[in-house]
Amino acid sequence: MDTGFRERLIAEGILFQTGVDGVWGRSGVFERIHDGIEQAITRAGLDQQAEVMRFPPAMAQAVFEKSGYMKNFPQLAGTVHCFCGDERAHRTLLGQIERGEDWLQDQQPADLVLTPAACYPVYPIVAKRGVLADDGHVVDVASYCFRHEPSLEPTRFQMFRMREYVRIGTAEQVIAFRETWMERGQAFVAALELPFELEVANDPFFGRGGKLMAEAQRAQALKFELLIPVNDGLEATACLSFNYHMTYFADTWGIKTADGEQAQTACVGFGMERLVLALMRHHGFDIAAWPAGVRDTLELG
Ligand code: ATP
Ligand code: ZN
């Protein structure tokens with residue numbers, strides 16, 4: 001793989017290596033661009049009157065289990081474990097570390113799982129409130145997400161920030177939402193003066209059964225991705241996703257519309273780090289030299 005872009009990001013001090021592939025530290029310039037994108041997404045969604053929800057990067061194990069993530073993506077999940085022993089166990093632990101032995105086997109589950117997608121914690125919260133209002137609901141959610149997919153590609157993080165708008169309502173409301181955001185997502189990226197294409201996509205379902213799931217997802221066009229060329233000599237990178245879950249999450253959590261029908265859900269997800277890297281790839285590392293229109297869109301001054 002040609003890693004020229006990655007090497008330049010490191011050499012310019014934009015990304016800091018942590019010793020683990022896909023887990024990066026980020027510079028002030030990177031974060032300025034990130035914050036500009038965040039605010040631009042907020043402006044693009046102002047009319048949605050979305051309820052804002054922000055979550056930490058871990059979620060309840062019980063919610064995670066019920067979401068069915070392990071059925072579809074066991075290879076990507078990360079669980080949290082802790083030391084719960086007494087002083088004797090502590091001495092054993094320190095001895096194991098000193099001798100370079102496996103000390104993790106005695107760690108206990110902490111009832112926490114790293115959040116794999118920003119929208120997962122939203123559904124049980126909305127479900128708990130009971131039947132939806134006539135116009136359903138829109139949530140503006142963001143979270144750090146974890147996916148165990150170590151890679152040398154600078155666009156494939158193991159821990160990254162995802163911002164989403166989530167629509168919960170009738171089939172008509174949810175389908176209209178996804179149409180709107182497919183348009184808006186393209187306008188958003190066009191305003192950033194980035195080249196892109198929109199394509200039907202699938203999630204990385206696990207195993208042989210997963211192949212069928214992926215084919216069905218594509219055949220029904222349940223997922224679209226907006227792709228931007230970012231990496232050297234590789235396929236374009238998915239920077240936005242437009243997901244139609246039909247009744248999957250509403251069935252799981254028991255969400256009903258005002259008419260008592262099963263609700264449906266959809267979400268648009270923005271990959272924040274990928275958007276920052278796409279901007280740097282196409283406009284360079286020096287924000288001051290970026291096109292005026294892009295600087296305006298991101299209010300970079
Ligand atoms: P669903 O709700 O159906 O699970 P989602 O929208 O919550 O899907 P994805 O579509 O898988 O989740 O991801 C959303 C966005 O997150 C992607 O478009 C991409 O920009 C970003 N993303 C996904 N994986 C990574 C990664 N490994 N590193 C950086 N960004 C990523
Ligand atoms: Zn989502």
Side-chain angles (χ1 to χ4, degrees), residues 6 15 20-24 26 30 34 37 41 50 53 55 57 59 64 67-73 75-78 114-123 126 138-168 174 177-178 181-182 185 188-189 194 196-206 213-214 217-218 220-228 230-231 235-250 252-253 264-279:
R6 179 176 185 274
L15 291 181
V20 179
D21 292 336
V23 180
W24 295 99
R26 303 155 320 257
F30 190 108
H34 170 276
I37 298 169
I41 295 170
M53 295 189 191
F55 293 99
M59 60 187 284
F64 175 85
S67 299
Y69 196 80
M70 289 314 255
K71 244 184 293 168
N72 297 327
F73 314 108
Q75 77 281 19
L76 299 178
L114 297 177
T115 306
C119 63
Y120 276 59
V122 169
Y123 308 107
V126 173
V138 184
V139 177
D140 162 353
V141 63
S143 171
Y144 245 102
C145 296
F146 174 84
R147 292 183 188 176
H148 186 242
E149 42 185 5
S151 168
L152 285 177
E153 283 170 44
T155 49
R156 190 168 296 285
F157 287 65
Q158 292 200 69
M159 304 202 82
F160 56 96
R161 287 164 287 188
M162 199 189 289
R163 173 82 179 272
E164 296 191 40
Y165 287 103
V166 183
R167 184 73 167 108
I168 306 170
V174 163
F177 168 91
R178 194 171 72 148
W181 278 100
M182 291 215 290
F188 186 83
V189 174
L194 296 170
F196 66 89
E197 50 197 68
L198 193 70
E199 275 183 10
V200 170
N202 62 266
D203 288 309
F205 294 102
F206 182 74
M213 303 272 288
Q217 190 184 28
R218 279 180 174 271
Q220 296 174 84
L222 297 181
K223 185 180 191 85
F224 285 87
E225 286 176 343
L226 187 151
L227 305 146
I228 305 174
V230 183
N231 288 304
E235 285 171 21
T237 302
C239 294
L240 276 69
S241 305
F242 311 88
N243 303 299
Y244 177 27
H245 313 120
M246 298 197 285
T247 61
Y248 182 84
F249 288 112
T252 302
W253 295 105
Q264 297 207 352
T265 65
C267 64
V268 50
F270 295 78
M272 300 303 295
E273 282 75 10
R274 288 184 174 180
L275 284 166
V276 175
L277 292 175
L279 283 159

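In each ligand, atom 1 is the first atom listed, and ligand 1 is the first ligand listed. Nothing fancy with the numbering, it's 1 onward along the sequence. Keep in mind the model is a prediction, meaning the values are calculated, not measured.
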Can you name the atoms of ligand 1, numbered from 1 with element, that are less than 4.0 Å from a heavy atom of [X]?
X      : value
Thr155 : 28 (N), 29 (C)
Tyr120 : 4 (O)
Cys267 : 2 (O), 6 (O)
Lys223 : 8 (O), 9 (P), 10 (O), 11 (O)
Glu164 : 7 (O)
Ala238 : 18 (O), 19 (C), 20 (O)
Leu240 : 18 (O)
His245 : 1 (P), 2 (O), 3 (O)

[atom]: which protein heavy atom is closest, and how many Å away?
atom                    : answer
atom 23 (C) of ligand 1 : Arg147 NH1, 3.5 Å
atom 17 (C) of ligand 1 : Ser241 OG, 3.3 Å
atom 30 (N) of ligand 1 : Arg274 NE, 3.2 Å
atom 8 (O) of ligand 1  : Asn243 ND2, 3.1 Å
atom 28 (N) of ligand 1 : Phe157 N, 2.9 Å
atom 16 (O) of ligand 1 : Met162 CE, 3.6 Å
atom 21 (C) of ligand 1 : Gly271 CA, 3.7 Å

Over 60° means perpendicular and under 30° means parallel, so classify the ring planes of Phe270 and Trp181, tilted if in between.
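Ring orientation of Trp181 relative to Phe270: perpendicular.
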
Ring-plane angle category for His148 and Phe146, please: parallel below 30°, perpendicular beyond 60°, tilted otherwise.
parallel

Structural part of Glu149 in contact with ligand 1, heavy atom criterion under 4.0 angstrom
side chain

Note, Ile37 side chain near Phe188 side chain (heavy atom, < 4.5 Å):
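Yes, side chains in contact.
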
Taking the side chain as everything from C-beta on, heavy atoms only, tell me whether Ile168 gets closer than 4.5 Å to Thr265.
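Yes - at least one pair of side-chain heavy atoms lies under 4.5 Å apart.
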
Qualifying residue, where the test is side-chain contact (heavy atoms from CB on, under 4.5 Å) with Cys119 and the options are Met162, Glu164, Met53:
Glu164

Qualifying residue, where the test is side-chain contact (heavy atoms from CB on, under 4.5 Å) with Cys267 and the options are His245, Arg167, Arg178:
His245

From CA spacing to verdict: side chain to side chain contact (heavy atoms under 4.5 Å, CB included), Gln220, Met246
CA-CA 11 Å; Gln220 296 174 84; Met246 298 197 285; 3.4 Å; yes

Chi angles and distances behind the side chain to side chain contact (heavy atoms under 4.5 Å, CB included) call for Met213, Gln217
CA-CA 6 Å; Met213 303 272 288; Gln217 190 184 28; over 6 Å; no

Testing Arg218, Lys223, Lys71 for salt bridge (charged side-chain N to carboxylate O under 4.0 Å, His left out) with Asp203, which one passes?
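Considering Arg218, Lys223, Lys71, a salt bridge (charged side-chain N to carboxylate O under 4.0 Å, His left out) with Asp203 is found only for Lys223.
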
Nearby protein N/O/S atoms (those under 2.8 Å) for the Zn ion (ligand 2), with water ignored
Cys119 SG, Glu164 OE1, Cys267 SG

For Arg274 and Val230, run side chain to side chain contact (heavy atoms under 4.5 Å, CB included): C-alpha distance rounded to whole Å, both residues' side-chain angles, the deciding distance at 0.1 Å, then the answer.
CA-CA 8 Å; Arg274 288 184 174 180; Val230 183; over 6 Å; no

Taking the six-membered ring for Trp, are the ring centroids of Phe73 and Phe205 within less than 6.0 Å of each other?
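Yes.
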
More than 12 heavy atoms from other groups under 6.0 Å of OH on Tyr144:
yes

On a heavy-atom basis, I'd like to know which of Phe249, Tyr69, Phe160 is closest to atom 25 (C) of ligand 1.
Phe160

In chain order, what residues pass the side-chain contact (heavy atoms from CB on, under 4.5 Å) check against Ser67, with sequence neighbours excluded?
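Result, side-chain contact (heavy atoms from CB on, under 4.5 Å) vs Ser67: Val63, Tyr120, Trp253.
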
So, taking the atom named OG1 in Thr237 and the one named CG in Leu240, what distance separates them when rounded to the nearest 0.5 Å?
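Here the interatomic distance stands at 12.5 Å.
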
